[in-house]
> 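Before we start, here is the structure in question, set down as structure tokens.
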Amino acid sequence: MDNEDAPVDTDDTDDTQAPSELAAIEFESPGRFAVHNPEPVTPDVAQWEPAPFILGQHERLERFSQPQDARAHVLALIQQAQRSLCLYSDDLEPWLYHHSSVQQACTRFLLSSPRVRLRILLRDPTRAVKDGHRLLTLSRRLSSNLHIRKLNPDYPSDELAYLIADDRGLLLRPELDQQAGYALYADPARVRQRQAQFDQAWDTSITDPDLRSFLL
């Protein structure tokens, strides 16, 4: 595992620090288990509650190892984003994003302004297309500012998953087969670094035939 994806816990973030000089966040594995087929996707029985942290203000790094904590951070970041959301995912992680709370938060975000954008990069959309996914359904309704593309297999890509909210927030899982990771709410330097990587991958991404036929 590449520890450069795990910055060191600190409350002091220097906005002017060059991305190459960012300290690594140490990531301690809580143990391995299958995430490709986690708890079954069942009808929503309760709305999720967002984490109680303010985007752009909460400076402490927040680690998580339980799925409910990851969900709380995802919801908090989506609900507070005002300009841009970028999701880099292996398969749209149904345990984390296939829920009415996420769909509703994304809908409110996308309808808040014609200038906002939600971009999703997937390594393999097969599962989401086959089983169905709330964000795919949403992209058919709000296609003008929600865009989903596939990572180009001819280019190297990071074996991790993350969500970027505006220019301040980041949720990252360094290991695809684990639900653990960390969330940052006010780390513009690290977000700029990750955003540049996302934009580069987006520029070389491709349109997947399965996705295209589903979204028509």
Side-chain angles (χ1 to χ4, degrees), residues 5 7 13 15-19 22 48 50-51 53-59 61-62 70-93 96-99 101-123 125 128 133-152 155 157-158 160-173 181-207 211 215:
D5 292 313
T13 302
D15 288 9
T16 62
Q17 187 178 21
L22 291 175
W48 294 351
F53 306 117
I54 305 301
L55 183 63
Q57 296 183 20
H58 183 74
E59 296 183 349
L61 178 146
E62 297 291 336
R71 292 163 180 157
H73 288 302
V74 160
L75 192 57
L77 290 172
I78 295 174
Q79 287 183 345
Q80 296 180 74
Q82 296 182 358
R83 296 180 299 278
S84 171
L85 288 168
C86 297
L87 173 57
Y88 187 99
S89 176
D90 189 51
D91 60 357
L92 260 184
E93 303 148 89
L96 189 54
Y97 295 104
H98 182 59
H99 192 276
S101 296
V102 172
Q103 183 183 28
Q104 291 166 12
C106 288
T107 300
R108 285 192 294 269
F109 168 76
L110 292 167
L111 294 177
S112 64
S113 167
R115 297 183 178 181
V116 303
R117 279 200 306 171
L118 168 54
R119 292 184 292 167
I120 300 174
L121 272 176
L122 298 177
R123 180 170 284 103
H133 197 288
R134 290 179 182 273
L135 294 186
L136 288 187
T137 303
L138 185 62
S139 68
R140 300 178 72 171
R141 292 173 43 209
L142 301 172
S143 58
S144 61
N145 50 0
L146 196 173
H147 308 285
I148 305 176
R149 295 181 64 84
K150 181 180 178 181
L151 288 167
N152 192 327
Y155 289 80
S157 60
D158 295 323
L160 43 72
Y162 57 85
L163 172 69
I164 301 172
D166 290 345
D167 57 357
R168 290 290 189 272
L170 172 69
L171 179 139
L172 188 142
R173 294 192 302 110
Y182 60 84
L184 296 163
Y185 288 81
D187 194 334
R190 201 169 301 279
V191 169
R192 279 196 300 270
Q193 181 186 57
R194 190 61 59 186
Q195 186 69 65
Q197 294 169 346
F198 181 93
D199 291 342
Q200 184 177 28
W202 183 266
D203 289 342
T204 60
S205 63
I206 60 177
T207 301
L211 269 176
L215 297 177

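Bear in mind the structure is a predicted one, so any value in this text is a computation, not a measurement. Both backbone and side-chain heavy atoms feed into the values below; hydrogens, waters and symmetry mates do not.
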> Quick check for you: to the nearest 0.5 Å, what is the distance between Q79 atom CD and R108 atom CZ?
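It comes to 5.5 Å.
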
> Got D166 and Q82 here, is their nearest side-chain heavy-atom distance under 4.5 Å?
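With C-beta onward as the side chain, the pair touches.
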
> Do L92 and P125 have side-chain heavy atoms sitting under 4.5 Å apart?
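Heavy-atom side-chain distance check fails, nothing below 4.5 Å.
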
> Can you tell me how far apart CZ (R173) and CG (D90) are? Round to the nearest 0.5 Å.
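Taking CZ in R173 and CG in D90, the distance rounds to 8.5 Å.
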
> Could you tell me whether the side chain of T204 and the main chain of A201 form a donor-acceptor pair under 3.5 Å?
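Yes.
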
> Which value, rounded to the nearest 0.5 Å, describes the distance between R83 atom CZ and F109 atom CZ?
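Result: 9.0 Å between the selected atoms.
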
> Search all heavy atoms of S157 against all heavy atoms of L151 and return the closest pair with its distance.
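Result for this residue pair: CB-CD1, 4.1 Å.
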
> For the atom pair CG (D91) and CG (L122), what is the distance rounded to the nearest 0.5 Å?
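Reported value, rounded in 0.5 Å steps: 8.0 Å.
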
> Kindly assign one of parallel, tilted or perpendicular to the pair H147 and W202, based on the angle between their ring planes and the thresholds 30° and 60°.
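Aromatic pair H147/W202 classed perpendicular.
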
> Of all the heavy-atom pairs spanning L75 and S101, show the shortest one and how long it is.
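Closest pair (atom of L75, atom of S101, distance): CD1-O, 3.6 Å.
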
> Can you spot which of I148, L146, L87, D199 makes a side-chain contact (heavy atoms from CB on, under 4.5 Å) with R119?
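Among the candidates, only D199 passes.
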
> Should L170 and D187 count as side-chain neighbours, where that means a heavy-atom distance under 4.5 Å?
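They are not in contact (no side-chain heavy atoms under 4.5 Å apart), so the answer is no.
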
> Report yes if the side chains of L184 and L172 come closer than 4.5 Å at any heavy-atom pair, otherwise no.
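The answer is no, as the side chains (C-beta and beyond) never meet within the 4.5 Å cut-off.
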
> Work out which heavy atom in D158 is nearest to a heavy atom in Q197; give both atom names and the distance.
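Minimum heavy-atom separation between D158 and Q197: OD2-OE1, 4.0 Å.
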
> Would you indicate whether the side-chain heavy atoms of W48 and V74 approach each other to under 4.5 Å?
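No; the side chains remain at least 4.5 Å from each other.
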
> Report yes if the side chains of T207 and R149 come closer than 4.5 Å at any heavy-atom pair, otherwise no.
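The answer is yes, as the side chains (C-beta and beyond) meet within the 4.5 Å cut-off.
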
> Measure up the Y88 and F198 rings against each other and bin them: parallel (under 30°), tilted (30 to 60°), perpendicular (over 60°).
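The rings of Y88 and F198 stand perpendicular, inter-plane angle above 60°.
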
> Roughly how far, to the nearest 0.5 Å, is the CG atom of L142 from the OG1 atom of T137?
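Output value for this atom pair is 11.5 Å.
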
> Are L110 and L138 close enough that some pair of their side-chain heavy atoms sits under 4.5 Å apart?
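In contact.
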
> Is it possible for you to check whether R194 lies under 6.0 Å from the centre of the six-membered ring of Y162, through NZ or CZ, and within 45° of that ring's axis?
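The answer is yes, since R194 meets both limits relative to Y162.
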
> I need the Q195 CD to I164 CD1 distance, nearest 0.5 Å.
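Output value for this atom pair is 4.0 Å.
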
> Can you check side chain to side chain contact (heavy atoms under 4.5 Å, CB included) on V191 and Q193, steps first, answer last?
CA-CA 5 Å; V191 169; Q193 181 186 57; over 6 Å; no

> Say whether S89 and R123, considering side chains only, have a donor N or O and an acceptor N or O under 3.5 Å apart.
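No pair is found: no donor N or O on one side chain lies under 3.5 Å from an acceptor on the other.
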
> Less than 4.5 Å apart, any side-chain heavy atom of I54 and any of Q80?
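In short, these two side chains touch, coming nearer than 4.5 Å.
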
> Could you report the tightest heavy-atom contact between R134 and H98, atom names first, then the distance?
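Answer, listing the atom of R134 first, then H98: N-ND1, 3.0 Å.
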
> Looking only at heavy atoms, which two atoms of A81 and A165 are closest? And how far apart?
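That closest heavy-atom pairing would be CB-CB, 4.3 Å.
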
> Tell me, with the steps shown, if C106 and I78 meet side chain to side chain contact (heavy atoms under 4.5 Å, CB included).
CA-CA 7 Å; C106 288; I78 295 174; 4.0 Å; yes

> Could you report the tightest heavy-atom contact between L77 and L85, atom names first, then the distance?
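Shortest heavy-atom contact: O-CD2, 4.3 Å.
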
> Decide if atom CZ of R117 counts as having more than 12 heavy atoms of other residues, nucleotides or ligands within a radius under 6.0 Å.
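No, not enclosed.
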
> Is it the case that H73 and Y185 place a side-chain donor and acceptor less than 3.5 Å from each other?
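Looking only at side-chain atoms, Y185 and H73 do form a donor-acceptor pair, the distance falling under 3.5 Å.
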
